[in-house]
2 protein chains.
Amino acid sequence: MKFRQAVENFRGKLTGSDRVLISLVLGDPLKVAFQSANELANRADVHSSTVVRLANKLGFDGFPGLKRALHQEARTAFDPSDRIRRRLNKADESSSLSMLIQSETRAIEAIRETLSQQEIDAAANILLQAKQIYLVGRGSAAPLIIHLERRLRRWGFQAIISLNMQKRDLAANVIGMGEQDALISFAFQAPTSLHAGYSALLKHANSVGAKSIVISDSFGPTLRPNPDVLLSVGRHDEAELSMRTGPLVVCEALAVTLAHLSPARVVKGSETLEKLRCAFRNNET
Amino acid sequence: MKFRQAVENFRGKLTGSDRVLISLVLGDPLKVAFQSANELANRADVHSSTVVRLANKLGFDGFPGLKRALHQEARTAFDPSDRIRRRLNKADESSSLSMLIQSETRAIEAIRETLSQQEIDAAANILLQAKQIYLVGRGSAAPLIIHLERRLRRWGFQAIISLNMQKRDLAANVIGMGEQDALISFAFQAPTSLHAGYSALLKHANSVGAKSIVISDSFGPTLRPNPDVLLSVGRHDEAELSMRTGPLVVCEALAVTLAHLSPARVVKGSETLEKLRCAFRNNET
DNA sequence: ACTCAAATGCAATTTATGTTGCAAAATATT
DNA sequence: AATATTTTGCAACATAAATTGCATTTGAGT
C-alpha cells in the first residue's frame, strides 16, 4: 500500500506528533526510506516509539513495513522504464513473447542510464585510427562479435576475430597486434578462470601500445586492468533468461557512430565491396 | 564517494565473488540501497561476511558506509535533477545512441503487431518433436543463428548450422535431414538469386517430411513454398543500417517458450552440461 | 602432487534497530 | 479543581544486522 493512501484511508485520529511525522515523510519520502525510526523521530523531535506506533496505526507491519512501502514507491517512481511501462493484460502475462518484449524494451532503455554518446564517440575514434581491429570474446558474446565484425568488414575495416579461444590459441591470434591497432574485448559475467585470459590480453595490448575497448554488462567495471574505453550497460534482470540486447545495441551504436565520423572511409569500403561482388558474379557465369 | 568510482579507483585485486557482488550493485543500485548485507549476499550466493569485507576493501566504512554512498547517489540522481535530466536528454536526441535506442525500442514493440504467441507456440511444438534441428541462413542472420544455436544446444537439442552456404555445400549439409527433423530457415530481404536456394531447401524438407519454420522480416510472406510456421516481424527501417533486434527477440521468445513447454528436457540438458563441465575441469588438472 | 597464501563460510560477538509495558505528562471533561 | 483519557518518553527487552576470529576450502605456483 502506498503511504499517501494509507494516510488518507486512516479513519482514526491523528495526534500532533503524528501530523509532524507524516508531513516529514510526505515532504521527502526518499529520505525517510533511507532512515531508521530513530533518525526520523529526532527530526520530528519525538521519541522513536511514537514513530513505531504511527506506523502501526496506519496499518503497516511496524516501521519496517512502512519503509518497505516507501522502497516500493521509490523504485517504481524513479525507474524510468517503469514510468513508460504499459500494463500487460492477463493474456499477455503468460506469454513469453510479451514478457520478452517488455523486458528487452526496458533493457534497451536502461542503456541511457549507464552510457552516453561521448563514450561511444571515444570508442569510435579509437577504431578510426586503427589499422586492424581485434575482436575477442567467448560464449554468449559470439552473436555480438559476428554482427560487429560484419559491420566493420563491410565498411572496409580490417577485423580479426577470436572466439572461444583458450589462452594459448588466443595468444597466437593476437600476436600480430601492434601500436596502431585496436582491441575490442567482450566480457560478460563469467567464472573467475576466464579473467586470467582477459587481463593477460589487456596487458599485452597495453604493452604493444594498442588501444583497448571493452563491451560489457554491469560486470565490466570490475575488470582489471582498465581498458581505454569501457562501454558497460547496466541492469541485467535474471541472468539466464536475458539476452544481450543491450550490448548489441551498443555495438550498433558504435558502428553507426563510426559511419558518421568517417563517411568517406565507409563509402569507400562499400564501393570496394560492390566491385568485388560484381567481379565474383561475372566469374561465376 | 560514488560506488562506481570506488570500484574504478580500487587498485587491489578483486575476487570472483567480489565481481559478482559489484555487478549486482551496479546492475540495480537502488535495490541494494534498500537491502541488508545478508539479502545482497544471498542474491550473490555468498556469505554476508564477504559482502562486508568487500565494502571495506573498496574503502567504505563497513557495509553501512557503502549503503550511505548508494543513498547519496540515489538522492542526487533522482531528486533535484528532473530539469537537468530532461535537458540532457534533449541534447542527446540527435546522438546515434539515442536514435538507436528509440528505433530499436519501437522495432521490438512492433513485433506484437505481426506476431502472436500462438505462432511461437506452434514453432516450439515442432522443435519439441524434432530429433535434429537444422539452422540455415546467411549474411546478417549469422548472429541470430549463433545465438539460437547456443540456446538449443545448452538445452540438449541437436542443432546443425549452415551459414553462408552455396547451394552445393548446403545440400551436403542437409542431406541427413529426415522425417523427424525440423528446419529453421532465416530469410531476410535479399537479391532474387538467393530465392532459388530457399525454395530448393524447403522443397527438400517437405519431400523428406521434415517440418519447416521460417524466421523473417516483412519479406517472409512472399516466400514460396510456404513453411509450416512462418515467424515474420514487420518494420525494417532502413535496410542497410537496421539491426535484426526484432528477429532476435523472436528467436529468444522461441527459446523461452521451448523451455516452458518442456522444462524436463531443458533441465536435463542443463544438468548434462554441468556434468560435462565438471568432467572437463577435472580432466584438466 | 604438494605447499602456501588467499578467500570463504561459519559461528560467536558486538552493535544497531525496532518493539512494548509502564509511568509521567499533557489534554480534555466534568 | 479533580478526574479520566490520551499521548508521550523512558527503559528494558527482543530482534535483526554487521563485524570479526578461526577453521576449512580453494586456487596458484612450484
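When reading the values below, keep in mind they use all heavy atoms of this one structure, side chains included, and skip hydrogens, waters and symmetry mates. Since this is a predicted model, take the numbers as computed values, not measurements. Numbered from 1 within each chain, the chains take letters A, B, ... in sequence-line order.
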### Message
Tell me whether B:Gln132 at atom CD has more than 12 heavy atoms from other residues, nucleotides or ligands lying less than 6.0 Å away.
### Response
yes

#### Entry: Five-pair end axes of the helix from C:dA1-D:dT30 to C:dT30-D:dA1 and the angle they enclose, rounded to 10°
30°

### Message
Within the 4.0 Å limit for protein heavy atoms, which parts of nucleotides 15-22 of chain D are touched? Write it as a string from 5' to 3', B for base, S for sugar-phosphate only, - for none.
### Response
---SBBB-

### Message
If we count only N and O atoms by modelled type, under 3.5 Å, do the side chains of A:Gln35 and A:Arg43 hold a donor and an acceptor together?
### Response
yes

### Task
Give a yes-or-no answer on whether the side chains of A:Asn125 and A:Gln129 include a donor-acceptor pair shorter than 3.5 Å.
no

### Query
Counting heavy atoms not belonging to A:Glu8, are there more than 12 under 6.0 Å from its CD?
yes

### Query
How close or far is atom C1' of C:dT19 from atom CG of A:Leu54, stated in whole angstroms?
15 Å

### Message
If the threshold is 4.0 Å, N to carboxylate O, is there a salt bridge linking B:Asp18 and B:Arg53?
### Response
no

### Query
Heavy-atom count around A:Gln118 CD within 6.0 Å, excluding the residue itself: above 12?
no

### Task
Measure the distance from NZ on A:Lys57 to C1' on C:dT19 and round it to the nearest whole Å.
16 Å

#### Entry: Protein-nucleotide distance (A:Leu66, atom CG; C:dG18, atom C1'), rounded to Å
13 Å

### Task
Run the salt-bridge test on B:Glu252 and B:Arg151 with the 4.0 Å N-O cut-off and return the result as yes or no.
yes

### Query
Hey, does A:Val51 reach any base, or is it just sugar-phosphate, or nothing, if we go heavy atoms under 4.0 Å?
nothing

### Query
Would you call A:Phe186 and A:Cys251 a side-chain contact if the rule is heavy atoms closer than 4.5 Å?
yes

### Query
Do any side-chain nitrogens or oxygens of B:Thr50 fall under 4.0 Å of OP1 or OP2 in C:dT8?
no

### Length of the CG-C1' vector between B:Asp45 and C:dA7, whole Å
16 Å

### Query
A:Asn42 has an atom CG; how far is it from atom P of C:dT17, in whole Å?
11 Å

